[in-house]
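Per chain, numbering begins at 1; letters A, B, ... match sequence-line order.
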Protein chains: 2
Amino acid sequence: MDAEPLHRRIARDIERRIASGDWAPGFRIPTEAELTVEYGCARMTVSRAVSELAARGLVVRRRKVGTVVAHPPVHSSALVAIPDIQAEVQARGLAYSHRLMGRIVRPASADEAELGARVIELETLHLADGLPFAMEHRLISLTATPEAEAADFSAEPAGGWLLARAPWTEAEHRISAVGADRQTAEALGLEAGATCLRLERRTWRDGQGVTRVWQMFPGAAYDLVARFSPRKDQG
Amino acid sequence: MDAEPLHRRIARDIERRIASGDWAPGFRIPTEAELTVEYGCARMTVSRAVSELAARGLVVRRRKVGTVVAHPPVHSSALVAIPDIQAEVQARGLAYSHRLMGRIVRPASADEAELGARVIELETLHLADGLPFAMEHRLISLTATPEAEAADFSAEPAGGWLLARAPWTEAEHRISAVGADRQTAEALGLEAGATCLRLERRTWRDGQGVTRVWQMFPGAAYDLVARFSPRKDQG
DNA sequence: GAGTGGTCTAGACCACAAT
DNA sequence: TTGTGGTCTAGACCACTCC
């Protein structure tokens, strides 16, 4: 028998006709009433199918007008994998290790107000098979996670430690290309000014800043990849 | 009155209790039957609300077991805006223009087999207020879009032209940091080797390669930003 | 066996927008 | 006014999986 629910079969049927170009962008697809007849099912079932496609951005529904095939998306966004460094290193079959290069506790600057009054500042070198992989500079809010002050970040990288204790609800990532500053170049074994991919991440939990981290990767050795189909990730 | 549908109100209520930490990861939320009583509505309405949260990855549903709050995601992915250059320039309030620097038609190399037998190779400089903004290097499949051979890409940038004629169904993006090659440096007015953000995009339509493009941005002037809440972009 | 979610029905009323 | 989707009901049967 059909293991596949009817609403999904309907959705796939429509999706196929759109992907094949049979129903081009702007085409008005059959109404719910018509689909109800075509599939011999209740209106709610076709409604569910078409609503799912609308949620994914494949079609646009408007009362009275009907449901039309959406125009293809602009090259607007992509789901880019932002890997955890330890996982990334291990995924490459290399041995992960890290070295805490610096740790101070200090008041937050005006620019860091989201993190509260006091922060821990960490500098960590991530290594793959003993070779420098990435340099990390991190601020941790002692307002969001007071217990960070007593944590031993030379034993456990701060990223994993924080994830276990202070899951975030919002994050901002920023990706850029920069030349390595003197300290980073030295730690990574590069020449000063060498090309690096810079990944900045800021996270919040319920509006309270949790952490802010910059990671520098040697440009030649690292990139970010996003493979996807459009409209599958629509939100 | 309530403009908000009941199923959404239910979903938001649950989401709020999860975000507040009240219902922690692993917590088993009320069954559909219990929610039906709590909200005094039909089971299908609560089912719709909870299913929506499940689709977004906030909760995990299993028959007989019930619905439990999902564990927070690893720092695994982020929706990064991959802007169209023209739109990006105009969004900054600058005048967009472009200059076609090179165009040849040639056989595809073995490495470019996905694009078919013959390709157009384009080199385009994008300008903002007359100043170099990005250098673009592009291959267009003449199998996917034969009419590209006759198109005038000095009048219309290839990106927009393609989007209108050959919408893609799959894409891969790759972001890296590189030093500018001689030609790029010259076009962008940089020193050779200057830090650049390199964005590579490959697109397919139904398995047939459509285009492959590399864009180089001066590192200091450009970055990619992703702001998001976790689990909102689940697919 | 029994509890839970997954799906589906055959209706109903309402909201919106084009006419 | 009318056609269309948006939501909701009060049931029903089934599938899965823990006990």
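Rounded to whole angstrom, the span from the CD1 atom of A:Ile29 across to the P atom of D:dT4 amounts to 12 Å. Taking atom CG of A:Leu6 as the reference point, atom C1' of D:dC13 lies 15 Å away to the nearest angstrom. The CD-P distance, from A:Glu4 to D:dA15, rounds to 16 Å in whole Å. In this structure, B:Arg8 atom CZ and C:dA15 atom C1' are separated by 14 Å, rounded to whole Å. Between the C1' atom of D:dG5 and the CD atom of A:Glu32 lies a distance of 6 Å, rounded to the nearest Å. Rounded to an integer number of Å, the gap from CD of A:Glu34 to P of D:dT4 is 7 Å. Atom CZ in B:Arg61 sits about 18 Å away from atom P in D:dA15, given to the nearest Å.
Residues from residues 35-44 of chain A that place a heavy atom under 4.0 Å from any atom of DNA chain C, listed by number: A:Cys41, A:Ala42, A:Arg43, A:Met44. Within residues 47-54 of chain A, the residues that have a heavy atom under 4.0 Å from DNA chain C are, in order of number, A:Arg48.
Residues forming a salt bridge (Lys or Arg N to Asp or Glu O under 4.0 Å) with A:Arg198 (at least two apart in sequence, or on another chain): A:Glu200. Under the side-chain contact (heavy atoms from CB on, under 4.5 Å) criterion, B:Arg62 pairs with B:Val65, not counting sequence neighbours.
No side-chain heavy atom of A:Thr67 sits less than 4.5 Å from a side-chain heavy atom of A:Arg28. Side-chain atoms of B:Val213 and B:Glu136, non-hydrogen and from C-beta on, do get closer than 4.5 Å to each other. In this structure the side chain of B:Thr45 never reaches within 4.5 angstrom of the side chain of B:Tyr39, judged on heavy atoms. Taking 4.5 Å as the limit, every side-chain heavy atom of B:Phe27 sits out of range of all side-chain heavy atoms of B:Ile18. Inter-residue side-chain proximity for B:Glu112 and B:Arg212 is flagged as met; some heavy-atom pair is nearer than 4.5 Å.
Summarising the geometry of B:Val89 relative to B:Ala128, their closest heavy-atom pair is CG1-CB, 3.6 Å, with the distance given to 0.1 Å.
Of the residues near DNA chain C, B:Arg28 and A:His7, the one whose nearest nucleotide (by heavy atom distance) lies more toward the 5' end is B:Arg28.
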Which pairs of donor and acceptor atoms, one on a side chain in residues 150-162 of chain A, lie under 3.5 Å apart (sequence neighbours left out)?
unit_1	atom_1	unit_2	atom_2	d
A:Asp152	OD1	A:Ser154	N	3.0
A:Asp152	OD1	A:Ser154	OG	2.5

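Between C:dG5 and B:Thr67, a contact under 4.0 Å exists linking OP1 or OP2 to a side-chain N or O. Contact annotation: B:Thr45 reaches the phosphate of D:dT9 (side-chain N/O to OP1 or OP2, under 4.0 Å).
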Could you list, one pair per line, each protein nitrogen or oxygen that sits under 3.5 Å from a nitrogen or oxygen of nucleotides 17-19 of chain D, together with the distance?
unit_1	atom_1	unit_2	atom_2	d
D:dC18	OP1	B:Arg62	NH2	2.8

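Rounded to the nearest 0.5 angstrom, A:His98 NE2 and A:Ile85 CD1 are separated by 11.5 Å.
Using the six-membered ring where Trp is involved, B:Phe217 and B:Phe133 have ring planes that are perpendicular, over 60° apart on the 30 and 60° scheme.
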